[in-house]
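The structure presented is a predicted model; accordingly, all values stated were derived computationally and were not measured. As the structure lists them, so they are numbered: ligands from 1, and atoms in each ligand from 1.
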Amino acid sequence: MNTFSALDRSTYIDQLKDNTFDLLIIGGGITGAGIALDAATRGLKVALVEKLDFASGTSGRSTKLIHGGLRYLKQLDIGLVREVGSERAIVHKLAPHLVTPEKMLLPLIENGTYGYFATSLGLKVYDVLAGVEGDDRRTMLSREEAIKKEPLLRKDFLKGAGYYAEYRTDDARLTIEVMKTAVRHGAVCLNYCKATKFIYEQDKVIGAACLDEFGQQAFDIKSRFIVSAAGPWVDNLRKKDKSLSGKHLFHSKGVHLVVPKERFPLQQAVYFDVPDGRMMFAIPRQTITYIGTTDTKFEGDINRIRTNQKDVDYLLDGVNNMFPDVKLNYNDILSTWAGVRPLIHETGKSASELSRKDEIFESPSGLISIAGGKLTGYRKMAERIVDLVAKRFCKQFDKDIPDCKTDAVVLMKDPLKDTDEVHDFCNKEILAKVKAKGLKAEAATYLVLNYGKNATTILDNMKATEMAPEIALALSELHFGIHYEMVLHPNDFFVRRTGRLFFNIDSVYKLKDLVLDEMRKQFQLPNELAEKYAAEIELALEEATHFPVDAVKENV
Ligand code: FAD
């Protein structure tokens with residue numbers, strides 16, 4: 001079993017070169033990670049390559065909710081609501097520290113998306129479809145009760161509210177934990193390794209030529225079956241396979257803004273109407289509140305998606321309409337992120353009208369591609385793909401592949417059992433350690449929600465130095481990230497393993513030189529690579545905090 005250490009890349013590359021796999025997955029977002037785990041736990045020999053970092057595509061830029069998709073109920077997509085609704089409970093059970101319950105307030109307003117009776121009935125159906133039980137079942141609130149729950153709500157058009165259960169996560173961390181679990185079950189997964197072209201034998205795809213970005217090494221990976229889980233890039237790979245025909249992708253851009261909690265002191269998460277008839281989330285988290293999302297057709301470069309002024313104006317207007325006393329403006333924005341949804345095109349439909357269902361494409365060469373879907377539904381998407389592979393396996397190699405079992409595969413080596421155990425672990429064991437190390441109490445929650453029981457390892461490995469404890473903690477996290485989570489570039493650490501760029505951007509400014517120095521030592525980075533990494537950090541900071549005026553060919 002591989003350790004998933006970035007310092008062992010050459011071993012993983014040798015394994016990829018020297019073996020013929022049952023399944024090669026292209027794309028290291030949540031979809032690819034889910035497929036790798038499902039296939040590995042059914043006994044298949046699995047390889048996965050990701051061209052940049054794991055979760056650097058859409059899976060690190062979502063609203064970070066594991067949710068039942070209330071809006072799909074409005075579109076009468078009952079099957080989708082049922083599937084993602086029941087998946088929420090399963091994913092929560094598999095990683096209770098990472099997928100945590102979050103009560104959501106849905107204000108009812110004059111001429112809003114949802115009326116009182118439709119909401120009451122809709123949320124009830126939602127609870128039934130999702131199998132929600134006990135205190136988590138929806139309640140309907142009067143105007144006064146709604147104001148008590150969230151005093152910042154606009155009062156003049158408020159009529160009441162629905163109050164229901166959702167789950168919050170960190171999408172990139174969920175992806176990395178699923179990937180690590182796949183690796184524990186024998187999958188070989190490599191980041192910064194691009195599939196550049198397919199290899200064919202008698203018109204059937206039998207592998208992919210790959211390029212390792214770090215060592216600039218080109219090599220081939222051979223596999224019986226190949227799945228493209230390349231998210232927004234799925235059509236690029238279908239094009240390489242000369243099978244891009246019929247249905248194709250529609251890229252829809254979604255932006256989130258982060259503001260300090262003092263400027264938008266929400267008591268609780270709210271899913272609210274915006275003036276154009278869409279709905280948005282505002283979610284308090286640690287010391288910030290984040291707001292999102294937009295949903296606009298995107299025709300720019302999917303390798304470089306940026307928040308622009310039009311996105312910011314839309315989101316600020318939406319918040320200021322529902323929370324008029326807050327008066328958010330550009331100066332309040334600490335950070336932003338932007339991503340594109342890989343949706344399936346349907347003639348005549350706008351971005352927000354398109355279904356979020358996933359779609360599987362099978363090409364004459366044998367390439368299987370999957371796109372669409374939700375973070376929340378990753379496990380079921382993976383099951384469908386591996387069922388298909390299993391069927392072909394049986395036909396071609398006369399070998400039976402067992403059924404999916406990932407509903408019982410926990411996402412941590414040493415898991416916390418449930419929400420109560422998460423709270424106990426955080427408030428007793430970790431809080432005491434955090435205090436003993438001279439850290440602020442809030443570090444306990446941050447560490448447990450990010451790392452589960454690995455919070456102990458990270459705290460125990462903090463070096464006694466003259467540095468401030470926050471810095472010693474970050475360096476210990478970096479060490480953990482490099483040795484157990486394939487951190488290769490500083491931004492892997494700042495953006496996807498710790499969420500610092502979004503949720504604690506000040507710490508990135510403080511830590512960037514130290515982190516780079518440490519990585520320079522650990523990887524013996526030549527100067528030119530260290531300079532490239534330094535530039536990458538500056539670019540990420542610039543993109544999170546500056547918003548070009550021109551919408552280029554975006555926001556159509
Ligand atoms: P990606 O995460 O994009 O992964 C594809 C990967 O393939 C990329 O990392 C890319 O680098 C890699 N790749 C591409 N080409 C190659 C190649 N040639 N070689 C190697 N690798 C390659 N869902 C929810 O359930 N809850 C939410 O709250 C939610 N909010 C959202 C908000 C926004 C704004 C957006 C955009 C989406 C949201 N979603 C949400 C949807 C969810 O994020 C996506 O459905 C999901 O992340 C898609 O994952 P993926 O793995 O298919 O794609």
**Q** Can you tell me how far the CZ atom of Arg82 sits from the OH atom of Tyr126, to the nearest 0.5 Å?
**A**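 If I round to the nearest 0.5 Å, the distance is 14.0 Å.
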**Q** Pick one of side chain, backbone, both or neither for how Arg61 approaches ligand 1, counting any non-hydrogen atom pair under 4.0 Å.
**A**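 Looking at Arg61 and ligand 1, just backbone atoms fall under 4.0 Å.
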**Q** Return the closest protein heavy atom for atom 35 (C) of ligand 1 as residue, atom name and distance.
**A**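 Scanning the protein heavy atoms, the shortest distance from atom 35 (C) of ligand 1 goes to Arg341 CG, 3.5 Å.
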**Q** So, is Lys194 polar-close to ligand 1, with some N/O to N/O distance under 3.5 Å?
**A**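 Checking ligand 1 against Lys194, no N or O pair falls under 3.5 Å apart.
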**Q** To the nearest 0.5 Å, what is the distance between CG on Leu190 and CD on Glu213?
**A**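 If I round to the nearest 0.5 Å, the distance is 10.5 Å.
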**Q** Examine Gly373 against ligand 1 and note whether any of their N/O atoms are separated by less than 3.5 Å.
**A**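 Yes, at least one N or O pair falls under 3.5 Å.
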**Q** Relative to the heavy atoms of Lys64, which atoms of ligand 1 are at a distance of less than 4.0 Å?
**A**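 Those of ligand 1 that fall under 4.0 Å from Lys64 are 28 (O).
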**Q** What is the nearest protein non-hydrogen atom to atom 50 (P) of ligand 1, stated with its residue, atom name and distance?
**A**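 Among all protein heavy atoms, the one nearest atom 50 (P) of ligand 1 is Thr31 OG1, 3.2 Å.
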**Q** Under a 4.5 Å cut-off applied to non-hydrogen side-chain atoms, are Pro101 and Thr419 in contact?
**A**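 Side-chain contact under 4.5 Å: yes.
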**Q** Atom CZ in Arg306, atom NE2 in His546: separation rounded to 0.5 Å?
**A**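 NE2 of His546 is found 8.5 Å from CZ of Arg306.
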**Q** Side chain or backbone, does Thr63 bring an N or O within less than 3.5 Å of an N or O on ligand 1?
**A**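 N/O-N/O distance below 3.5 Å exists for this pair.
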**Q** Could an N or O of ligand 1 be found under 3.5 Å from any N or O of Gly32, whether backbone or side chain?
**A**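 N/O-N/O distance under 3.5 Å: no.
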**Q** Name the closest protein heavy atom to atom 40 (C) of ligand 1, giving the residue it belongs to and the distance to 0.1 Å.
**A**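 Nearest neighbour among protein heavy atoms for atom 40 (C) of ligand 1, to 0.1 Å: Lys374 NZ, 3.5 Å.
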**Q** Once you round to the nearest 0.5 Å, how far does CG of Leu23 lie from CD1 of Ile35?
**A**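 Reported value, rounded in 0.5 Å steps: 7.5 Å.
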**Q** Parallel, tilted or perpendicular: which fits the ring planes of Tyr271 and Phe281, with parallel below 30° and perpendicular above 60°?
**A**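 If you compare the ring of Tyr271 with that of Phe281, the planes turn out parallel.
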**Q** Among all protein non-hydrogen atoms, which one is nearest to atom 17 (C) of ligand 1, and what is the separation to 0.1 Å?
**A**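 In this structure, atom 17 (C) of ligand 1 has Ile26 CG2, 3.7 Å as its nearest protein heavy atom.
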**Q** Looking only at atom types and distance, does a side-chain atom of Thr294 sit under 3.5 Å from a main-chain N or O of Val255, one as donor and one as acceptor?
**A**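 A pair under 3.5 Å: yes.
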**Q** So, are Lys93 and Asp407 salt-bridged, with charged N and O less than 4.0 Å apart?
**A**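 Here Lys93 does not pair with Asp407 in a salt bridge, since their nearest N and O are not under 4.0 Å apart.
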**Q** Find all atoms of ligand 1 within a distance of less than 4.0 Å from any non-hydrogen atom belonging to Thr293, and give their numbers and elements.
**A**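 Every atom of ligand 1 under 4.0 Å from some heavy atom of Thr293: 34 (C).
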**Q** Decide whether an N or O pair under 3.5 Å exists between Glu50 and ligand 1.
**A**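 Yes; the residue has a nitrogen or oxygen that sits under 3.5 Å from a nitrogen or oxygen of the ligand.
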**Q** Using the ring of each side chain (for Trp, its six-membered ring), is Phe323 parallel, tilted or perpendicular to Phe272, with breaks at 30° and 60°?
**A**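 Answer is perpendicular, since the angle exceeds 60°.
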**Q** For ligand 1, note which part of Val340 has a heavy atom under 4.0 Å away: side chain, backbone, both or neither.
**A**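 Within the 4.0 Å criterion, Val340 contacts ligand 1 through backbone atoms alone.
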**Q** May I ask you to identify, for Ala33, whether its side chain, its backbone, both or neither come under 4.0 Å of ligand 1 on a heavy-atom basis?
**A**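 No part of Ala33 is near ligand 1 at this cut-off.
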**Q** Which atoms from ligand 1 have a heavy atom of Val49 less than 4.0 Å away?
**A**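 With Val49 as reference, the close atoms of ligand 1 come out as 20 (C), 21 (N).
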**Q** If you measure from CG on Asp358 to CD1 on Ile344, what distance do you get to the nearest 0.5 Å?
**A**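 The CD1 atom of Ile344 is 8.0 Å from CG of Asp358, to the nearest 0.5 Å.
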**Q** Do other residues, nucleotides or ligands put more than 12 heavy atoms under 6.0 Å from the OH atom of Tyr484?
**A**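 Not buried by this count: 12 neighbours or fewer within 6.0 Å.
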**Q** Heavy-atom contacts with Ala229 under 4.0 Å: which atoms of ligand 1 show up? List them by number with element.
**A**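 Counting from 1, the qualifying ligand atoms are 5 (C), 7 (O).
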**Q** Which residue and atom name correspond to the protein heavy atom nearest atom 42 (C) of ligand 1, and how close is it?
**A**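 Going atom by atom, the protein heavy atom closest to atom 42 (C) of ligand 1 ends up being Leu375 N, 3.6 Å.
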**Q** With a distance cut-off below 6.0 Å to the six-membered ring centre and an angular limit of 45° from the axis, does Arg238 pair with Phe361 as a cation-pi contact?
**A**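 Positive - Arg238 is close enough to the ring of Phe361 and near enough to its axis.
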**Q** So which heavy atom in the protein is nearest atom 3 (O) of ligand 1, and how far is it from that ligand atom?
**A**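 Ranking protein heavy atoms by distance from atom 3 (O) of ligand 1, first comes Thr58 N, 2.9 Å.
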**Q** Inspect the surroundings of NZ in Lys261 and state if more than 12 heavy atoms from other residues, nucleotides or ligands are less than 6.0 Å away.
**A**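 Yes, because the 6.0 Å sphere around NZ of Lys261 holds more than 12 heavy atoms from other groups.
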**Q** Do any nitrogen or oxygen atoms of Gly372 lie less than 3.5 angstrom from nitrogen or oxygen atoms of ligand 1?
**A**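 In fact, backbone or side chain, Gly372 has no N or O that close.
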**Q** Using a strict 4.0 Å cut-off to heavy atoms of Gly254, name the atoms of ligand 1 that fall inside it.
**A**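 Per the distance check, 34 (C).
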**Q** Check this for me: Asp203, atom CG, are more than 12 non-hydrogen atoms of other residues, nucleotides or ligands nearer than 6.0 Å?
**A**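 No, not enclosed.
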**Q** Find all atoms of ligand 1 within a distance of less than 4.0 Å from any non-hydrogen atom belonging to Gly27, and give their numbers and elements.
**A**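 Answer, ordered by atom number: 6 (C), 7 (O), 12 (C), 21 (N).
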**Q** Under 3.5 Å between any N/O of His256 and any N/O of ligand 1: does that happen in this structure?
**A**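 N/O-N/O distance under 3.5 Å: no.
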**Q** In the protein, what heavy atom is nearest to atom 2 (O) of ligand 1, and what distance, to one decimal place, separates them?
**A**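 Of the protein heavy atoms, Ser59 OG, 2.5 Å lies nearest.
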**Q** How far is atom 38 (C) of ligand 1 from the closest protein heavy atom, and which atom is that?
**A**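 Closest protein heavy atom to atom 38 (C) of ligand 1: Ser62 CB, 3.6 Å.
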